[in-house]
Structures are given as C-alpha cells and as structure tokens.
Amino acid sequence: MTSDLDAITATEFQCLVAGLSADDAARLAQAVQWAQQRYEPEVIAGNQPLWTHCVETGQILAGLQSDVASRIAAILLSLPAHDGKGLDPIAKSFGPEVGKLVQGTRALLKLGEVAREASGGEIADPAMQKENLRKMLLAMAADLRIVLIRLTSRLQTLRWHAKTKEPCSVDFAQETLDLYAPLANRLGIWQVKWEMEDLAFRFQQPEKYREIAKALEEKRAERESFIEQTLQELRSLLADAGIEASVSGRPKHIYSIWNKMQRKSVDISRLYDLRAVRVIVPDERACYNVLGIVHEHWSPIGEEFDDYISRPKSNGYRSLHTVVSDKNGRAFEVQIRTQAMHDFAEHGMAAHWRYKETGKSSGPAPGTDDYDRQLAWMRQLLAWQTEAGSDVVNEQDIRAVSDRIYVLSPQARVIELPRGATPIDFAYHLHTDVGHRCRGARVDGQMVPLQTKLDTGQTVEIITTKAGGPSRDWLNPQLGYLASSRAKAKVRAWFNAIELQQRITQGHALVEKELQRLGKTAVNQEQLAQQLGFAHADDLYVAVAKEDFSLRHIDAVFQPQQQEAEPRVDSIVSAPKPGTGGSSGVLVQGVDSLLTQLARCCRPAPPDVISGFVTRGRGVSIHRSDCASFAQLARRDPERVIEVTWGDTGDSVYPVDVVVHAHDRPGLLRDLSEVFARLRLNVVGVNTQSKASLAHMVFTVQVTGADVLQRALAALTEVPGVLSAERR
C-alpha cells in the first residue's frame with residue numbers, strides 16, 4: 001500500500017481489490033488515487049461522507065465477486081458530475097464502459113432521491129414513483145452491473161444508519177422493502193436481500209423487530225446447544241456413509257421470521273426453521289444421498305419438503321429443503337445443496353455475470369453466451385415487473401423492452417421513448433409546445449445536436465425559444481431528427497394548421513372581394529356558407545382558396561335570375577336509348593324532342609319527383625320539385641314552369657352528391673373510395689374539407705337510381721369513423 005492512498009487504509013484497499021488480478025488491482029488503485037485528488041467533501045443521507053459511502057459500496061461489490069469496472073464505477077461516484085465542457089472526464093480517463101456505469105448509476109441515484117423528496121408532497125404519486133423506478137431498473141437490463149451497484153449502494157446506506165444510529169426514515173425503509181429487496185430476490189442475491197430486509201424492517205417497525213430479536217435471544221442458548229448436538233450427529237452419519245460434506249448452522253433472518261408469522265398466523269415458537277442446518281456436498285447425487293440419510297435417521301414432516309433442485313425457483317435458486325423432528329418432537333430444517341448452488345444462492349446472477357476482457361479466460365466468449373445471459377437477466381426483471389400476474393415471460397416481451405429506452409427529465413421524471421429517439425422526440429413527449437419551440441438540448445449536462453440518439457439513463461434538458469415552430473427538416477427521415485410517430489404527427493399537424501390558416505386567409509380575401517363586387521358587404525358570411533352547403537365559413541374559404549369552389553355560386557345566391565341565362569346544369573349523363581325522350585331521359589309533357597338538362601343545384605335522379613323550368617336558349621332545366629332554387633324561379637316566373645316526368649331511362653346514369661361527415665384519420669378517403677369501387681360506382685368529383693379533426697366530404701357519384709344510391713349510403717356508414725352519409 002502506497003502513501004498516495006492516504007485517505008483509505010490498507011485494510012480497506014485490500015477489501016476493495018479482493019479476488020482481482022494484479023492488473024485489475026492496479027487499475028482500481030489508479031481510480032482511487034484519481035478520485036481522491038478530485039472529489040469534493042460532501043455528505044449524503046444519514047450525514048455520512050460521500051467518500052466513505054463509495055469506498056464501502058465498492059467493498060460490498062468485492063464481496064459479491066463483481067468485476068473491476070463495477071468497483072471503479074462505485075469509487076468514481078464520489079466525484080461531481082462533469083460540467084458539460086468537452087468529453088466526460090471519467091469516460092476519457094477510464095474508458096466508455098466505466099463512463100456508462102457511472103452515468104447509469106447516477107441516474108438511478110438521482111431518480112431515487114427525487115422520488116423520496118416528492119413522496120410527501122401533493123404533486124407526487126408514490127405508486128407512480130415506484131413504478132417509474134421499476135421501469136428505469138428494467139431498462140438497465142442490458143447491463144446488470146448498474147443495478148448491482150445501485151443495490152449495494154442502498155445496502156451500504158442501511159448499514160450506515162445501523163452503525164451510527166442516525167435516524168432512518170420509515171419511507172426509506174419501506175422503499176427498500178417494496179423495491180430493492182424484491183429486485184435482489186429476483187436476481188437471487190440472497191446475501192444482499194436478507195440483510196436489506198432485516199435492516200429495513202428494523203427501521204420500519206422497531207418495536208416488532210426488538211420483540212422478535214428478544215424472543216430469539218431468550219432461546220439462543222437452548223437452540224445453539226440443540227444445533228451443535230445435531231451437527232455432530234449429522235457429521236458422524238455422513239462420515240460413516242463416506243460422504244464428504246460441510247455441515248453448519250443456518251443464520252436466522254428476523255424479517256423472514258416476521259413474514260412467516262404473518263403468513264401462517266402462528267407464534268414464533270411454532271416456526272420450524274428457527275433451528276436449521278445446512279449441508280454442502282460436492283455434487284447433485286450426494287444431495288439426494290444426504291436427504292435419504294436425514295430422513296432415515298429423523299422423522300420427516302412430509303408437507304414441509306421442497307425439491308428446488310429438480311424444480312428450481314424462478315430466480316434460479318436450487319437446493320433441497322426438508323423439515324424433520326427428533327425423538328423428542330423438536331422440529332428443525334435441513335438445507336442440502338452443492339457448492340455451486342450455494343454460491344448462486346448467496347450471490348445469484350451477480351456471481352455468474354462476467355464481462356469480456358481481451359486475453360483473459362475469465363470473460364465469456366463473444367456470441368450467444370452474452371445474449372443468453374442477458375435474456376435470463378431480463379426475464380427475471382420482467383417477471384418481477386409483472387409479479388402480480390403471470391410469471392411467464394416470452395421473447396416478445398423481451399423484444400418489447402429492448403425497443404424502448406427510459407430517460408430522465410431534469411426533475412427526474414421517467415420518460416419512455418422508442419429506441420433511436422432524439423431530444424426533439426423527448427421535447428414533444430413533455431409537451432407539444434415544448435417540442436415546437438425546441439432549439440437545443442443538453443444530455444447529462446453537455447450540449448448535443450438535436451439528431452443525437454438518446455440512451456437509457458440519460459438526463460435530458462430542452463432549450464427552447466420564446467416563439468416559433470418546428471422546421472420542415474424534422475420530417476425528413478434521412479436527417480434523423482425524429483423517431484417517434486407521435487412527434488412526427490405533431491410536427492405535421494403544426495404545418496397543416498399553418499397551411500390551413502393561410503388558405504382561410506386567402507379564401508376570405510377572395511370571398512370579401514366577390515361580395516364587394518356584388519355590393520353585399522354586410523352579408524353574414526356564416527349564413528352564406530351554410531346556404532352554399534358548408535358547415536362553417538372557414539370551410540368555404542378553404543374551398544375557394546383551393547379552387548374547389550367557384551365564386552360564381554356566390555353570385556347565384558344573390559342573383560338567381562342569372563340561372564336562366566347561365567343555368568347550372570349537369571351534362572354528365574350517359575346517352576339513353578333512342579326514343580326515350582331526351583338526353584336526360586326526361587319526358588316533357590306536350591312537347592316533342594325538347595332539349596332538357598339536369599340542374600346541378602339539386603342533381604335530380606330517378607325516381608325523384610321532378611319539375612321543369614323553361615330557360616332562354618338552353619331548353620328545359622330539370623329540378624327536384626323540392627329544390628330551393630327552383631322554388632325561387634317558380635315564384636318569379638310561374639308561367640315558365642312546365643310539367644315533366646321520367647321517361648325510359650334505360651342504362652342512363654345520373655350524378656348525385658353524397659355528403660359524408662367523419663372523424664378525420666389517415667386512410668379515410670381511401671376506405672371511402674373502396675366502397676364506391678366495390679359497388680362499381682363512378683366517382684366524377686370529390687370535395688373535402690377538414691377542421692378540428694372532423695372531415696366534411698362531398699362525392700359526386702353516377703348512379704342509375706335510388707336503390708343503388710341507398711346501398712352506397714348504407715355501405716359508407718359502416719366505414720370506421722364515419723358519422724353520417726347522406727344525399728345532399
């Protein structure tokens with residue numbers, strides 16, 4: 001030990017490097033020296049020095065046989081986060097692997113701190129905070145070490161409270177029991193799980209803790225005497241059978257005792273495993289041999305036998321558990337396992353998680369081993385995430401998690417985004433207006449381009465302008481600004497709204513100009529729009545701006561007499577068979593071979609009740625008898641009204657206007673068009689307007705009669721999103 005490490009004792013350092021190679025121990029020594037030169041004195045929860053917390057967290061990791069990168073990351077947590085100038089100094093000095101471990105662990109620590117601070121406030125939802133933290137832990141599934149560092153950090157804090165007798169809040173203890181201990185259990189790290197639970201229970205329910213501890217202490221001498229006698233007897237039996245084994249007593253965990261008392265509603269004196277022994281043997285076959293010897297010598301209690309070797313627990317735990325009683329009826333538990341099973345029981349997946357190190361046999365080879373191990377780890381977290389339901393987790397669940405990332409806002413709010421998301425996606429998730437005004441972003445304190453792909457655990461801060469909107473470049477997939485379909489839709493909606501407003505302004509100006517020409521500037525334009533078949537004036541303005549609606553129709557509203565000179569007729573009628581009366585298939589009473597035209601204002605079609613009006617130079621215009629324009633003409637010139645009827649229309653087709661109101665959505669026009677195509681109806685005109693997510697569409701369709709039209713209307717109403725479909 002060198003003098004450079006004067007802030008850490010030789011014993012502490014030896015604990016830190018336990019089990020490491022000489023090269024790894026040198027790397028860890030470098031990290032300790034580097035951190036000591038830069039860290040700023042700081043205290044954390046329980047008034048403990050941050051440096052002490054980091055060193056002792058590293059020592060717990062060493063006890064769990066973690067790799068050198070995890071221990072270095074724990075030490076470097078003592079440093080303040082970088083200020084955003086240039087590269088992250090930790091990643092620059094110790095490599096991106098350590099940098100990501102430190103970054104991810106800091107994110108989890110910050111999230112936990114903010115959750116606890118907010119837990120007593122009105123704005124916080126404790127259940128939601130816990131679920132957010134679960135999501136973040138789940139998202140760290142690609143690297144178990146981040147979660148492992150977080151678990152050991154929490155355990156060290158609990159130990160500090162117990163050692164210094166500094167008060168520990170009930171909420172802190174409850175969070176440990178709700179979140180961190182179940183996670184350690186899922187990973188099979190029972191050494192951490194049991195200690196966490198006992199310490200948290202001690203702070204959460206001190207009276208109950210002392211009551212159980214006192215009851216255990218009162219019977220301690222009697223229990224130890226019984227266990228020692230049983231151990232000697234069992235060792236002798238195994239030696240006679242030629243079985244090599246390590247036999248010892250099993251430690252008692254107060255929280256486990258409390259749980260069993262609650263679950264079984266029994267007194268502490270009726271719990272079997274207060275007296276327990278553990279047998280560790282070389283192989284699996286020996287486990288069952290020992291079981292046979294135990295059952296032969298003591299009386300087994302059948303319902304208390306569990307074979308976790310042939311049927312392991314969901315977290316991978318394997319062992320034989322049996323409860324037997326001696327000749328005096330005193331029951332005790334026996335656990336039988338191999339050394340490998342015991343190591344896994346103590347350290348869980350942490351004992352088997354080794355990372356690739358070039359030239360070292362201790363690391364796994366590249367390829368499927370890494371992937372399979374990661375899948376196993378993710379399955380445990382996913383099962384824990386859904387433990388209220390089924391524990392069955394499939395590949396689809398894992399892929400779904402893999403396709404998501406979880407980042408933090410500056411207030412430690414967890415934001416779920418698709419993999420590949422950028423700061424702009426993040427901004428639109430926070431609020432549409434934040435997305436529109438986004439002009440820059442900081443990720444973990446550093447300014448980054450807006451196309452930067454975010455990673456789980458990063459903290460993102462958005463820089464906005466006071467006004468403005470998105471850029472059209474954001475919608476260019478080649479430029480990589482957006483990955484979220486939600487954000488893309490909001491950008492498109494912004495530009496659609498701008499375009500709509502421009503069309504409204506343009507159309508309004510054209511309508512105003514036309515009304516000035518007609519001398520009708522005082523007219524109510526909302527009512528005018530409704531007279532022309534539009535729901536609102538804005539719809540009229542848009543149609544005029546898009547040249548889908550002629551201003552001559554406005555002239556016709558105020559000057560119906562012009563319909564004589566320039567009747568609104570429809571010539572889109574297929575020629576009838578010879579001798580059927582006229583080009584429209586209409587017979588004019590008392591007149592032979594008189595030219596007839598179908599009026600466009602009402603688009604009559606068989607079997608509508610129709611009337612005729614004799615025009616100047618264009619024959620007879622045919623209207624539906626209930627047509628408002630025809631009524632005006634008839635009042636003004638009743639002598640020009642003529643009686644007409646439908647003749648033999650044959651195969652003639654007639655244009656009618658079908659009005660559809662629907663919730664606007666992608667693909668709506670396509671779905672409606674498919675209805676007409678399926679019914680073999682020819683669409684000769686389409687006029688569409690959309691406002692406030694509602695679509696107003698007018699289709700001009702050629703039909704042979706009313707029955708065809710009714711079938712079309714019925715089919716249109718069945719299209720998803722359609723509110724109504726009717727003939728205009």
Side-chain angles (χ1 to χ4, degrees), residues 16-21 24-25 27-28 31 35 53-79 88 90-91 94-112 133-134 136-156 179-180 183-184 186-189 191-193 196 315-316 343-344 346-358 360 362-364 366 369-381 384 401-402 405-406 455-458:
L16 272 178
V17 300
L20 295 180
S21 66
D24 285 345
R27 285 184 62 196
L28 187 52
H53 174 79
C54 293
V55 170
E56 293 184 1
T57 298
Q59 291 171 344
I60 299 174
L61 286 167
L64 293 173
Q65 306 172 24
S66 65
D67 66 348
V68 66
S70 302
R71 304 184 206 186
I72 291 175
I75 292 297
L76 298 182
L77 286 173
S78 62
L79 301 180
D88 180 355
I90 291 177
F94 296 94
E97 180 187 23
V98 172
K100 284 188 175 295
L101 290 177
V102 173
Q103 171 188 305
T105 307
R106 280 177 175 163
L108 291 184
L109 288 167
K110 180 178 180 181
L111 181 63
L133 192 49
R134 280 194 179 198
M136 181 64 78
L137 289 168
L138 181 63
M140 295 296 182
D143 200 328
L144 168 64
R145 295 172 295 179
I146 292 176
V147 180
L148 197 58
I149 295 170
R150 183 66 190 100
L151 287 175
T152 52
S153 171
R154 172 57 62 106
L155 177 57
Q156 193 283 331
L179 191 65
Y180 293 101
L183 176 57
R186 277 291 172 191
L187 301 181
I189 313 175
Q191 176 181 325
V192 172
K193 170 188 180 289
M196 266 190 187
N315 60 10
D343 289 342
F344 190 87
E346 292 300 300
H347 303 141
M349 291 189 179
H352 297 276
W353 191 275
R354 297 292 183 265
Y355 286 77
K356 295 185 293 290
E357 296 181 24
T358 304
K360 296 186 180 180
S362 60
D369 287 347
D370 287 338
Y371 182 70
D372 291 343
R373 186 170 51 246
Q374 181 175 333
L375 289 186
W377 151 235
M378 293 178 78
R379 281 193 179 96
Q380 294 305 323
L381 281 186
W384 172 57
V401 173
S402 300
I405 64 169
Y406 298 85
D455 287 327
T456 288
Q458 291 179 324

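V98 has its side chain within reach of L76: a pair of non-hydrogen atoms, C-beta onward, lies under 4.5 Å apart. Proximity of R145 to R71: side-chain heavy atoms (C-beta onward) are nowhere separated by under 4.5 Å. Between I60 and E56, the closest side-chain pair of non-hydrogen atoms is not below 4.5 Å. Between K193 and Y180, every side-chain heavy-atom pair lies at or beyond the 4.5 Å cut-off. L148 places a side-chain heavy atom less than 4.5 Å from the side chain of I189. At a threshold of 4.5 Å between non-hydrogen side-chain atoms, the residues R106 and L79 count as touching.
Rounding to the nearest 0.5 angstrom, the gap separating the OG atom in S70 from the CD1 atom in I149 is 5.0 Å. Here the CG-CD1 distance, from D67 to I72, works out to 8.5 Å after rounding to the nearest 0.5 Å.
What you find for L101 and A73 is that their closest heavy atoms are CB-CB, 3.8 Å. Heavy atoms only, all atoms of each residue included: L20 and S66 are closest at CD2-O, 4.5 Å. Annotation for L61 and A74: closest pair CD1-CB, 3.8 Å, computed over non-hydrogen atoms.
Here the side chain of T105 pairs no donor or acceptor atom with the backbone of V102 at under 3.5 angstrom. Remark: side-chain polar atoms of T57 are paired, donor with acceptor, to backbone N or O of H53 under 3.5 angstrom.
By the 4.0 Å N-to-carboxylate-O rule, K100 lies close enough to D455 to be salt-bridged with it.
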